[in-house]
Engineer: 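Would you mind keeping the following structure in view while I ask a few things?
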Amino acid sequence: MDHHFVGIPELTGVPRVAVVIDVMRAFTVAAWAFSRGVERIVLASSEGEALALKESHPGWLALKDGAPAAGFDAVNSPGLLRSRDFAGRTLVQKTTAGTVGALAVANAPLVLCASFVVAGPTARFLRTEDSGPVTFVVTGEGGRADEDLACAEYIGRCTAGGEVEAGPYLQRARTSRAAADLAGGRRSGYHPDDVDLCLEIDRFPFAMVARREESLMVLRPAAVPDVSSGSG
């Protein structure tokens, strides 16, 4: 299958199928948020929009990159999020790369957001949809982030079916610049377990699909059949 791997600046036109990758940390955090009970995640284009959406929708929560800030209920860290209870809540998320990438392909017929923690389910979702060629949007470092590219390549290989060894892809991510920055405490809003949590392959059983809902781009978990048994 002829997949394409592009950075956000390289996007041209509207892809038929887009998988937006942000391993460290937006779409690892999104998966953790769903596991902690979040019903949906609204992807915001700016911190101002995130706060305005929260203000106009009582009960909504807002999350951002970086250090804690007034008005925001959480930061973009899986380690800091994993013990929270978000049952039934709507979370507005604004990050530096991941949400930007998803909004850049908002008009695509099918948009998935992914990281290693949902890589297998994402590949199975793509096979179930018989989606054809996929445009993988590598959000970090203008499309050069090796942790995102490794995850994209791994999902791309998995869409062909059969066994794919995750180890080499995870090792690339572990030795990436983003992992070094996180491990070195050079990113604010950080927990010491963040790198390890971002590299838990298939930690969650769902894919994450983003769709337009009225004027908003909304991310929701999508159940994916386990095809480990049978002919698939």
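In what follows, residues are counted from 1 in the order of the sequence shown. In this text the structure is predicted, and so the values were computed from the model without any measurement. Scope of the values below: all heavy atoms of this structure, side chains included, with no hydrogens, waters or symmetry mates.
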Engineer: If you look at every heavy atom in V117 and A31, which pair is closest and at what distance?
Structural biologist: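 So the two residues come closest at CG2-CB, 3.7 Å.
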
Engineer: Taking only residues at least two apart or on different chains, which pairs with a member in residues 70-117 satisfy ring-ring contact (aromatic ring centres under 6.0 Å, His included)?
Structural biologist: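 Applying ring-ring contact (aromatic ring centres under 6.0 Å, His included) to every pair that reaches into residues 70-117, excluding sequence neighbours, yields nothing.
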
Engineer: So which atom in E147 and which in A178 form the shortest heavy-atom distance, rounded to 0.1 Å?
Structural biologist: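 E147 and A178 have their closest heavy atoms at OE2-CB, 3.4 Å.
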
Engineer: What pairs meet the side chain to side chain donor-acceptor pair (under 3.5 Å) rule with one or both residues in residues 197-208, with sequence neighbours excluded?
Structural biologist: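 Counting only pairs at least two positions apart or across chains, the side chain to side chain donor-acceptor pair (under 3.5 Å) contacts touching residues 197-208 are E200-R203.
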
Engineer: How far apart are the closest heavy atoms of R212 and A106, and which atoms are they?
Structural biologist: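 Result for this residue pair: NH2-CB, 3.5 Å.
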
Engineer: Determine, using the 4.5 Å side-chain heavy-atom cutoff (strictly less than), whether I155 and V111 are members of one ILVMFWY cluster.
Structural biologist: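 The answer is no; the residues belong to distinct hydrophobic clusters.
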
Engineer: Using atom types as modelled and distance alone, determine if a side-chain donor or acceptor of D22 lies under 3.5 Å from a backbone N or O of T139.
Structural biologist: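 Not at all, since once roles are kept as given, no pair shorter than 3.5 Å links the two residues.
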
Engineer: Kindly indicate whether the side chain of R82, heavy atoms from C-beta on, has any atom under 4.5 Å from the side chain of H191.
Structural biologist: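 They are in contact (side-chain heavy atoms under 4.5 Å apart), so the answer is yes.
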
Engineer: Can you sort out the partners of V100 under side-chain contact (heavy atoms from CB on, under 4.5 Å), two or more places apart, ordered by chain and number?
Structural biologist: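 Testing V100 for side-chain contact (heavy atoms from CB on, under 4.5 Å), a comparison that skips the adjacent residues, returns I8, K94.
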
Engineer: State plainly whether one hydrophobic cluster holds both I41 and V218, where clusters connect Ile, Leu, Val, Met, Phe, Trp and Tyr through side-chain heavy atoms under 4.5 angstrom apart.
Structural biologist: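 No, I41 does not connect to V218 through the hydrophobic network.
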
Engineer: Anything under 3.5 Å between a donor and an acceptor, one on a side chain of residues 12-20, the other on a protein residue two or more places apart or in another chain? List them.
Structural biologist:
residue	atom	partner	partner atom	Å
R16	NH1	S131	O	2.2

Engineer: Given side chains that start at C-beta, do those of Y190 and V75 come closer than 4.5 Å, heavy atoms only?
Structural biologist: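 No, every pair of side-chain atoms sits at 4.5 Å or beyond.
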
Engineer: Under a 3.5 Å distance rule, please check whether E10 uses its side chain to pair with a backbone N or O of G7 as donor and acceptor.
Structural biologist: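 Yes, the answer is positive, given that a donor and an acceptor are paired below the 3.5 Å cut-off.
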
Engineer: Are L43 and F136 joined in one hydrophobic group, where the rule is that I, L, V, M, F, W and Y side chains link up if heavy atoms are under 4.5 Å apart?
Structural biologist: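 Result: no, two separate clusters.
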
Engineer: Just wondering, more than 12 heavy atoms not from E55 lying within 6.0 Å of its CD?
Structural biologist: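 Counting other residues, nucleotides and ligands, CD of E55 stays at 12 neighbours or fewer.
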
Engineer: Hey, could you give me the OG/CG distance between S56 and L51, rounded to the nearest 0.5 Å?
Structural biologist: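 S56 OG to L51 CG: 10.5 Å, rounded to 0.5 Å.
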
Engineer: Do V23 and F5 belong to the same hydrophobic cluster, where Ile, Leu, Val, Met, Phe, Trp and Tyr are linked whenever their side-chain heavy atoms lie under 4.5 Å apart, directly or via other members?
Structural biologist: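 Cluster IDs for V23 and F5 match.
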
Engineer: Assess whether side-chain contact (heavy atoms from CB on, under 4.5 Å) is satisfied between Y154 and E165, documenting all intermediate values.
Structural biologist: CA-CA 9 Å; Y154 175 72; E165 172 56 49; over 6 Å; no

Engineer: Is any side-chain heavy atom of L216 closer than 4.5 Å to a side-chain heavy atom of L53?
Structural biologist: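 Yes, side chains in contact.
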
Engineer: Over all heavy atoms of both residues, which pair between P9 and G142 is shortest? Give the atoms and the distance, please.
Structural biologist: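 Where P9 meets G142 most closely, the heavy atoms are CD-O, 4.1 Å.
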
Engineer: Considering all heavy atoms of both residues, which atom of V209 and which atom of A222 are nearest to each other, and what is their separation?
Structural biologist: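 Looks like CG2-CB, 3.8 Å.
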
Engineer: Which pairs pass side chain to side chain donor-acceptor pair (under 3.5 Å) with one or both residues in residues 23-39, sequence neighbours excluded?
Structural biologist: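 Qualifying pairs: R25-D194, T28-S115.
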
Engineer: Which residue in the set V42, D73, V38 passes side chain to side chain contact (heavy atoms under 4.5 Å, CB included) when paired with L91?
Structural biologist: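 Exactly one pass, corresponding to V38.
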
Engineer: Would N76 and Q93 satisfy side-chain contact (heavy atoms from CB on, under 4.5 Å), going step by step from the backbone distance to the final call?
Structural biologist: CA-CA 9 Å; N76 194 43; Q93 184 182 31; 3.6 Å; yes

Engineer: Quick one: does N107's side chain have a donor or acceptor within less than 3.5 Å of a partner on P109's backbone?
Structural biologist: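 Answer holds: no.
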
Engineer: Is there a side-chain contact between F206 and V224 (heavy atoms, below 4.5 Å)?
Structural biologist: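 A side-chain contact under 4.5 Å is absent here.
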
Engineer: Give the minimum heavy-atom separation between A26 and T95, together with the two atoms involved.
Structural biologist: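 So the two residues come closest at CB-OG1, 3.6 Å.
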
Engineer: In the structure I gave you, are the side-chain heavy atoms of K54 and L61 within less than 4.5 Å of one another anywhere?
Structural biologist: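 Sidechains of L61 and K54: no contact.
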
Engineer: Side-chain contact, heavy-atom cut-off 4.5 Å: T135 with V6?
Structural biologist: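 The answer is yes, as the side chains (C-beta and beyond) meet within the 4.5 Å cut-off.
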
Engineer: May I ask you to test the F27-V118 pair for a side-chain heavy-atom distance under 4.5 Å?
Structural biologist: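 The answer is no, as the side chains (C-beta and beyond) never meet within the 4.5 Å cut-off.
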
Engineer: Between R40 and E213, is there a side-chain heavy-atom distance shorter than 4.5 Å?
Structural biologist: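 Touching, per the 4.5 Å side-chain cut-off.
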
Engineer: Which of these passes side chain to side chain donor-acceptor pair (under 3.5 Å) with T159: H3, R124, R127?
Structural biologist: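 Exactly one option meets the side chain to side chain donor-acceptor pair (under 3.5 Å) with T159, and it is H3.
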
Engineer: Kindly compute the distance separating CZ (F34) from CE (M208), expressed to the nearest 0.5 Å.
Structural biologist: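 Spacing of CZ (F34) from CE (M208) equals 6.5 Å.
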
Engineer: For T96 and D65, which I'm curious about, is there any donor-acceptor pair between the side chains at under 3.5 Å?
Structural biologist: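 Their side chains do contain a donor-acceptor pair, which is all the 3.5 Å distance test asks for.
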
Engineer: side-chain contact (heavy atoms from CB on, under 4.5 Å) for Y169 and I201? Distances and angles first, verdict last.
Structural biologist: CA-CA 10 Å; Y169 299 93; I201 192 74; over 6 Å; no

Engineer: Should M24 and I21 be regarded as members of a common hydrophobic cluster, given that ILVMFWY residues are connected when their side-chain heavy atoms come within less than 4.5 Å of each other, either directly or indirectly?
Structural biologist: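 Yes, because M24 and I21 connect within a single hydrophobic cluster, where side-chain heavy atoms sit under 4.5 Å apart.
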
Engineer: State the CG-SG distance between L219 and C113, to the nearest 0.5 angstrom.
Structural biologist: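 Spacing of CG (L219) from SG (C113) equals 5.0 Å.
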
Engineer: Determine whether a donor-acceptor pair (N or O, by modelled atom type, separation under 3.5 Å) exists between the side chain of K64 and the backbone of A69.
Structural biologist: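 Side chain of K64 to backbone of A69, a donor-acceptor pair under 3.5 Å: no, none is there.
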
Engineer: Please list all pairs meeting salt bridge (charged side-chain N to carboxylate O under 4.0 Å, His left out) that have one or both residues in residues 172-184, counting only residues at least two apart or in different chains.
Structural biologist: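 For residues 172-184: E141-R177, D146-R172, E153-R172, R174-D196, D181-R186.
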
Engineer: Judged by atom type as modelled, is there a donor-acceptor pair below 3.5 Å linking the side chain of Q171 to the main-chain atoms of G167?
Structural biologist: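 Not at all, since once roles are kept as given, no pair shorter than 3.5 Å links the two residues.
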
Engineer: Let me confirm one number: the CG-SG distance from D193 to C198, rounded to the nearest 0.5 Å.
Structural biologist: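 Here the interatomic distance stands at 10.5 Å.
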
